[in-house]
Protein chains: 2
Amino acid sequence: MTTARRASNPRPATLERRREILRAALEIFGSKGYNNGPLVEIAEQVDMTHAGILHHFGSKDRLLVEVLRYRDEADVEGIEGQHIPDGTELFRHLVRTAFANEERPGIVQAYAVLSAESVTDGNPGREYFEQRYTQLRSEVAQAFRVMCEERGIDAPATIDRASASVLAVMDGLQVQWLLDRGNVELAETSAFAIEAIVTAVLDPRPSPLGPDAP
Amino acid sequence: MTTARRASNPRPATLERRREILRAALEIFGSKGYNNGPLVEIAEQVDMTHAGILHHFGSKDRLLVEVLRYRDEADVEGIEGQHIPDGTELFRHLVRTAFANEERPGIVQAYAVLSAESVTDGNPGREYFEQRYTQLRSEVAQAFRVMCEERGIDAPATIDRASASVLAVMDGLQVQWLLDRGNVELAETSAFAIEAIVTAVLDPRPSPLGPDAP
DNA sequence: ATTTAGTTACTGACAGCACAGTAAGTTACC
DNA sequence: GGTAACTTACTGTGCTGTCAGTAACTAAAT
């Protein structure tokens with residue numbers, strides 16, 4: 001089949017070269033979207049022809065998937081000691097991430113654009129994002145459970161909803177922030193919302209909107 | 001110049017025809033994205049050639065802008081009596097919208113995809129979404145102020161952040177829901193998060209995450 | 001009421017580019 | 001000398017936009 005470069009021995013410099021390509025691809029896909037981001041532009045950013053890129057990654061689809069995976073790895077390496085923070089620490093970590101993100105709009109945009117694009121027909125990134133959100137939700141849920149335990153309260157049924165909500169605010173704020181950086185404070189707003197949601201889980205109060213309203 | 005059809009008299013049936021096109025365009029753009037959604041597909045859905053569509057809208061860019069505007073109008077007409085709900089009623093309205101959205105994934109997807117796509121370079125929908133969010137944020141902020149007044153409390157500084165947060169959760173949840181409908185409850189989760197945020201505004205409590213953490 | 005003139009709503013054909021992918025050849029490593 | 005890392009050159013397709021033409025409608029003139 002077309003499966004070239006399987007086991008074989010890539011040259012030492014090659015790995016770094018591929019990483020360059022992945023970085024460039026993330027930048028282009030981030031700023032122009034996947035469908036609208038041509039291989040040629042990625043190529044010229046690493047001083048290559050687009051055929052060279054296809055040599056390394058086989059197809060544009062596969063390139064996207066690898067870009068996504070690569071970012072994940074890079075992020076994980078960023079976390080000291082590799083350990084997933086637990087309980088309170090995870091939420092603090094999320095807030096810190098929001099602060100850090102204000103310094104890297106490129107990456108923020110890449111995730112915002114690519115995650116939304118992934119829900120479209122036949123998008124090669126869909127599976128990645130599906131799994132990513134599932135994983136993240138469960139990590140957040142776990143943090144909630146730990147916090148409940150620490151406080152000696154039973155884990156409420158709202159945990160799953162809260163977990164999805166926490167991720168949702170962060171993502172949604174990113175879009176608003178990208179559209180209007182002058183008027184949206186990404187980090188502070190994320191912190192506010194996360195605190196609101198965590199509070200609602202740990203210490204629920206009656207709805208200010210009256211009885212449930214479907 | 002190319003500015004034909006200026007003042008003159010469009011045929012009576014034409015308006016309805018254009019609306020058909022706008023509906024079809026929303027569907028295609030929604031399911032495949034703007035860049036990835038070809039005119040031909042929109043055309044065949046209304047039994048026309050793509051040239052016919054360009055006759056009506058001039059360019060694909062302009063079609064997108066009109067699609068967005070059209071949805072807005074359609075939504076506004078949907079609200080009984082045209083009045084913008086105030087105070088508590090606005091939040092109840094948002095929750096109801098979330099419930100309603102569960103029955104129309106197409107529209108939800110269109111907004112999710114197009115709003116994120118709009119932050120990319122040169123996207124013709126950008127201005128629309130910029131204005132839309134600005135407007136929505138100010139409506140939500142106004143509702144907060146009304147609620148504060150009703151309760152005889154001073155409007156806190158958190159209102160702007162809360163407003164952005166409310167919209168952000170709703171949007172972010174939509175993406176997660178579109179990716180994994182089996183595991184994300186769009187409406188209930190929106191309700192939960194909105195209540196959490198409203199509560200945090202009206203009746204703030206110390207952060208469960210400890211002192212502010214930048 | 002019918003012609004006339006003009007406009008609108010298209011179709012069909014095509015220009016023309018942009019893009020992903022392929023195949024064959026070239027260089028340089030190991 | 002074999003294979004990895006390319007380039008050049010090319011193919012084929014997909015897509016937006018243009019253009020000329022046509023049929024149907026509308027308005028005014030006769």
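Chain identifiers are assigned alphabetically (A, B, ...) following the order of the sequence lines, protein sequences preceding nucleic acid strands; residue numbering begins at 1 within each chain. Values in this document were obtained by computation on a predicted structure and should not be read as measured data.
Of the inter-residue distances, the one linking S138(B) atom OG with Y133(B) atom OH reads 14.5 Å to the nearest 0.5 angstrom. Rounding to the nearest 0.5 angstrom, the gap separating the CG atom in L22(A) from the CG atom in L68(A) is 10.5 Å.
Atoms CD (E44(B)) and P (dG14(D)) sit 13 Å apart, rounded to a whole Å. Look at CG on L63(A): it is 14 Å from C1' on dG21(C), rounded to the nearest Å. Between the P atom of dC15(D) and the CG atom of L54(B) lies a distance of 14 Å, rounded to the nearest Å. Across the protein-nucleic acid pair, K60(A) atom NZ and dG14(D) atom P stand 15 Å apart, rounded to whole Å.
Annotation: ring pair (Phe, Tyr, Trp, His ring centres under 6.0 Å) contacts of F192(A) (sequence neighbours excluded): none. For D86(A), there are no salt bridge (charged side-chain N to carboxylate O under 4.0 Å, His left out) partners at least two apart in sequence or on another chain. Residues passing the ring pair (Phe, Tyr, Trp, His ring centres under 6.0 Å) test with Y34(B), sequence neighbours excluded: F29(B). Under the rule for a side-chain contact (heavy atoms from CB on, under 4.5 Å), the partners of E188(B) that lie at least two apart in sequence or sit in another chain are R161(A), F99(B), E102(B), E185(B).
For DNA chain D, the neighbouring residues in residues 32-39 of chain B, judged by any heavy atom under 4.0 Å, are G37(B), P38(B), L39(B).
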Show each protein N/O and nucleotides 6-8 of chain D N/O combination with a separation under 3.5 Å, one pair to a line.
| unit_1 | atom_1 | unit_2 | atom_2 | d |
| --- | --- | --- | --- | --- |
| dC6(D) | OP2 | H56(A) | NE2 | 3.0 |
| dT7(D) | OP2 | T49(A) | N | 3.0 |
| dT7(D) | OP2 | T49(A) | OG1 | 2.7 |

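The main-chain N or O of R62(B) is found under 3.5 Å from a side-chain atom of S59(B) such that the two form a donor-acceptor pair.
Between F129(B) and Y111(B), the ring-plane angle classifies as perpendicular under the 30° and 60° cut-offs.
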